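Both backbone and side-chain heavy atoms feed into the values below; hydrogens, waters and symmetry mates do not. Proteins come first, then strands; the chains are lettered A, B, ... in the order of their sequence lines, and each starts at number 1. Remember, it's a predicted structure, so these values are computed and weren't measured experimentally.
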Amino acid sequence: MNSKRQNFFNDVYEVVRQVPFGRVTSYGAIAAFLGTKGSARMVGYAMNASHAAVNVPAHRVVNRNGILTGKNHFEDPTEMQRLLESEGVLVRDDRVVDFERLFWDPEKNLMT
DNA sequence: CGACTGACGGGGT
DNA sequence: GACCCCGCCAGTC
């Protein structure tokens, strides 16, 4: 049952795990990479369940504007920003500074 | 079963 | 550029 969904969730985690230290990506980029471009929301939904998975740096996934939209889903709203800044990613006003420069596109860097 | 809700994004106004 | 609407689809009520 729901094997596709399970695969999708797993694929999302796998991609997120490939995001390099100090870099960030977006929900839409991951969705596009997995071939479900229109379902960026599902990526976020998958992240919501990522608490079960290990080694999934959910804090490196932001929305297309580089905004930390998921920060409220961490134990503390400040956790996401704190984790990012701990790896050199500056956050200003809930947004990744120099987002376009730090953006890591799975389609360009992870061709599997 | 229908309506609502999102860690989203693109397109139109 | 702010704002609104629609598609996406799993989960909840």
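Comparing atom distances between the A/Met42 side chain and each of C/dC8, B/dG10, C/dC9 picks out C/dC9 as nearest. The listed nucleotides are C/dA10, B/dA7, B/dG9; the one nearest the side chain of A/Tyr45 is C/dA10.
Between the P atom of B/dG9 and the CE atom of A/Met47 lies a distance of 13 Å, rounded to the nearest Å. For A/Arg64 and B/dG9, the CZ to C1' distance is 6 Å, given to the nearest whole Å. For A/Asp76 and B/dA7, the CG to C1' distance is 17 Å, given to the nearest whole Å. B/dA7 atom C1' lies 13 Å from atom CG of A/Asp94, rounded to whole Å. Atom pair A/Phe9:CZ and C/dC9:C1' shows a separation of 10 Å (rounding to whole Å applied). Separating the CZ atom of A/Phe8 from the C1' atom of B/dA7 is a distance of 12 Å, rounded to the nearest angstrom. In this structure, A/Phe103 places its CZ atom 13 Å from C1' of B/dC8, rounding to the nearest Å. Distance A/Lys37 NZ to B/dG10 P: 6 Å, rounded to the nearest Å.
Separating the C1' atom of C/dA2 from that of B/dA7 is a span of 23 Å, rounded to the nearest Å.
Among the heavy atoms of the strands lying under 4.0 Å from A/Ala58 is at least one base atom, whether or not backbone atoms are also near. A/Ser50 comes within contact range of at least one nucleobase, with a heavy-atom separation under 4.0 Å.
Using a 4.0 Å cut-off between a side-chain N of Lys or Arg and a carboxylate O of Asp or Glu, A/Glu79 and A/Arg82 qualify as a salt bridge.
Between A/Phe99 and A/Asn63 the shortest heavy-atom distance is CZ-O, 3.8 Å.
The phosphate of B/dC8 (OP1 or OP2) has a side-chain N or O of A/Thr69 nearer than 4.0 angstrom. Between A/Thr36 and C/dC8 there is no side-chain N or O to OP1 or OP2 distance below 4.0 Å.
Contact check for A/Glu87 versus A/Arg23: no side-chain heavy atoms found under the 4.5 Å cut-off. In this structure the side chain of A/Leu90 never reaches within 4.5 angstrom of the side chain of A/Asp98, judged on heavy atoms.
The cluster map of Ile, Leu, Val, Met, Phe, Trp and Tyr, joined by side-chain heavy atoms under 4.5 Å apart, puts A/Val16 and A/Leu83 in different clusters.
For B/dA7, the base has a donor-acceptor partner in the side chain of A/Tyr27 [N/O atoms by modelled type, under 3.5 angstrom]. Below the 3.5 angstrom threshold, one finds a donor paired with an acceptor across the side chain of A/Arg41 and the base of B/dG6.
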